[in-house]
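Would you mind keeping the following structure in view while I ask a few things?
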Amino acid sequence: MKRISLIAAATLALLGATAAQARSFDAIQKDGTLRLATEGYYAPFAYFEGKKLVGFEVDLAELMAQKMGVKFEWKTIPFDSLLTGLSQDRWDLVISSHGITPEREKAVTFTLPHYCSGAQVISLSDSIKGGKDLAGKTVSAQTGTTYLDYVQKHVPGVKRVVNFPTNEAAMHALMSKRADAWVTERFLAKEMLAKNPSIQFKQGEMLFVERIAAAVAKGNQSLVGAWNKAFAESLKDGSYAKISQKWFKEDIRCP
Ligand code: ARG
């Protein structure tokens, strides 16, 4: 008996080292502060203006916190580490334009999608517009994204796929001709192209569309429930539409 409980305790300790218990919404309410994480280099969704984190997802998450009756704090973390931090209880919720995929759903629980968008091919040439034009070409995308995954798995004949820790670095690869095409999100592309008017970027076809959501630790239903309730309210009371208009001059909610 004693021996069994010792083994059980040792196993628990081992599990504890890898997966920490996520905080329920109740625990967050008691503490008073929701810990939010994002990359912070993904304009116009979440990026820095000087020292201030701003953007559509920043406004949205802060509105959700307000509706949920809690304060918030932000952490900015490299994109690739955001979802794993949930299972280590380093933050409560990630909002960083993650597309809902079956692969990610094995590791985290997604909220309702807060926008729908798609991956677009960007190049410097009129002849590189869609997936079929990528055969024999070098394509850049951000590490850990659905864009990279898609090009690796679903675009036949690509010569080389090069990945970069930030989206901006993936764009620079195209600008400096280390890549023939860059695959990224369409609103983000629009923003980057507007900021670099001297470069003759061509916005090509959409490769796929995706539903973008925030994520919490796998199974943290109370937190997802509280967020979804606040989110549904924001769709109804016009506050979502207001934020969307502010950043995109259109409503980007999923149909
Ligand atoms: N939507 C893409 C994905 O789900 C890209 C997200 C990139 N987000 C970021 N903050 N860099 O992988």
Side-chain angles (χ1 to χ4, degrees), residues 34 36-49 52-70 72 74 76 79 82 93-101 104-105 108-122 129-130 142 145-147 150 167-168 171 182-197 201-216 223-255:
L34 176 65
L36 299 164
T38 191
E39 180 196 31
Y41 293 95
Y42 206 66
F45 295 97
Y47 64 103
F48 283 94
E49 249 170 35
K52 199 171 158 35
L53 187 65
V54 297
F56 171 71
E57 288 182 315
V58 175
D59 282 354
L60 185 73
E62 294 181 0
L63 174 70
M64 295 303 104
Q66 189 198 330
K67 286 188 180 292
M68 289 156 75
V70 290
F72 57 83
W74 284 102
T76 51
F79 180 69
L82 284 164
L93 184 137
V94 166
I95 181 160
S96 205
S97 289
H98 284 89
I100 301 175
T101 67
R104 287 175 177 162
E105 276 181 319
V108 300
T109 297
F110 282 106
T111 63
L112 290 170
H114 56 272
Y115 73 96
C116 274
S117 186
Q120 202 170 33
V121 177
I122 313 293
K129 286 202 189 103
Q142 184 181 18
T145 60
T146 50
Y147 312 136
Y150 185 88
N167 198 59
E168 194 151 350
M171 176 186 74
W182 165 46
V183 174
T184 193
E185 195 275 328
R186 75 180 172 111
F187 292 113
L188 186 133
K190 205 170 152 189
E191 169 105 359
M192 288 232 176
L193 307 199
K195 275 189 191 150
N196 296 281
F201 285 115
K202 315 283 174 195
Q203 272 192 282
E205 290 164 17
M206 296 267 270
L207 289 180
F208 62 92
V209 294
E210 58 180 358
R211 296 184 310 136
I212 305 288
V216 301
L223 180 54
V224 134
W227 174 281
N228 284 349
K229 184 167 166 267
F231 181 71
E233 246 173 67
S234 77
L235 292 181
K236 264 209 198 124
D237 68 13
S239 49
Y240 175 95
K242 201 168 150 205
I243 295 175
S244 184
Q245 288 295 337
K246 168 180 166 190
W247 291 100
F248 304 102
K249 300 192 174 63
E250 65 180 283
D251 196 317
I252 66 169
R253 76 182 68 186
C254 293

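When a residue number appears, it is its place in the shown sequence, counting from 1. Only a predicted model underlies this, so the values are computations on that prediction, with no experimental measurement involved.
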Closest non-hydrogen atom pair, Arg211 against Pro113: NH1-CG, 3.7 Å
Side-chain donor-acceptor pair present, Ser97, Tyr115, cut-off under 3.5 Å: yes
Gap between atom SG of Cys116 and atom CD1 of Ile100 - 0.5 Å precision: 8.0 Å
Euclidean distance, Leu60 CG relative to Trp227 CH2, rounded to 0.5 Å: 5.5 Å
Ser117 versus Arg186, closest heavy-atom pair with distance: OG-CG, 3.6 Å
Any Met192 side-chain heavy atom under 4.5 Å of Ile122 side chain: no
Exercise: identify the closest heavy-atom pair between Arg104 and Gly99: NH1-O, 2.9 Å
4.5 Å side-chain heavy-atom contact, Asp59 and Lys242: no
Nearest heavy atoms of Leu188 and Glu185, plus distance in Å: N-OE1, 2.7 Å
Heavy-atom closest contact (Gly40 atom, Thr76 atom, distance): CA-CG2, 4.2 Å
Nearest-0.5 Å distance, CD of residue Glu205 to CD of residue Gln120: 9.5 Å
Donor-acceptor under 3.5 Å (Ser244 side chain, Ile252 main chain): yes
Residues Glu210 and Thr146: side-chain donor-acceptor under 3.5 angstrom: yes
Whether Trp247 and Tyr47 hold their rings parallel, tilted or perpendicular, with breakpoints at 30° and 60°: perpendicular
Heavy-atom side-chain contact between Val94 and Val108 under 4.5 Å: no
Spatial distance of atom CG (Leu193) from atom CD (Gln203) [nearest 0.5 Å]: 4.5 Å
Heavy-atom side-chain proximity of Thr184 to Met171 below 4.5 angstrom: no
Enclosure of Phe79 CZ (heavy-atom neighbours >12, cutoff 6.0 Å): yes
Tyr42 side chain to Asn167 backbone, donor-acceptor under 3.5 Å: no
Atom of Asp251, atom of Ala241 and distance for their closest heavy-atom approach: OD2-CB, 3.8 Å
Output field: ring centroids Phe45/Phe248 closer than 6.0 Å: yes
Close side-chain approach of Tyr41 and Glu168, heavy atoms under 4.5 Å: no
Other residues, nucleotides, ligands: >12 heavy atoms within 6.0 Å of Lys129 NZ: no
Within 6.0 Å of NZ in Lys190, more than 12 heavy atoms from elsewhere: no
Side-chain touch His114/Met64, heavy atoms, less than 4.5 angstrom: no
Under 3.5 Å donor-acceptor, Thr111 side chain and Val224 backbone: no
Verdict with reasoning, Phe56 to Ile95, per side chain to side chain contact (heavy atoms under 4.5 Å, CB included): CA-CA 10 Å; Phe56 171 71; Ile95 181 160; over 6 Å; no
Glu62, CD atom: more than 12 neighbouring heavy atoms under 6.0 Å: yes
Reported CG-to-OG1 distance for the pair Leu53 and Thr38, which is rounded to 0.5 angstrom: 6.5 Å
Parallel, tilted or perpendicular: rings of Phe201 and Trp182 (30°, 60°): tilted
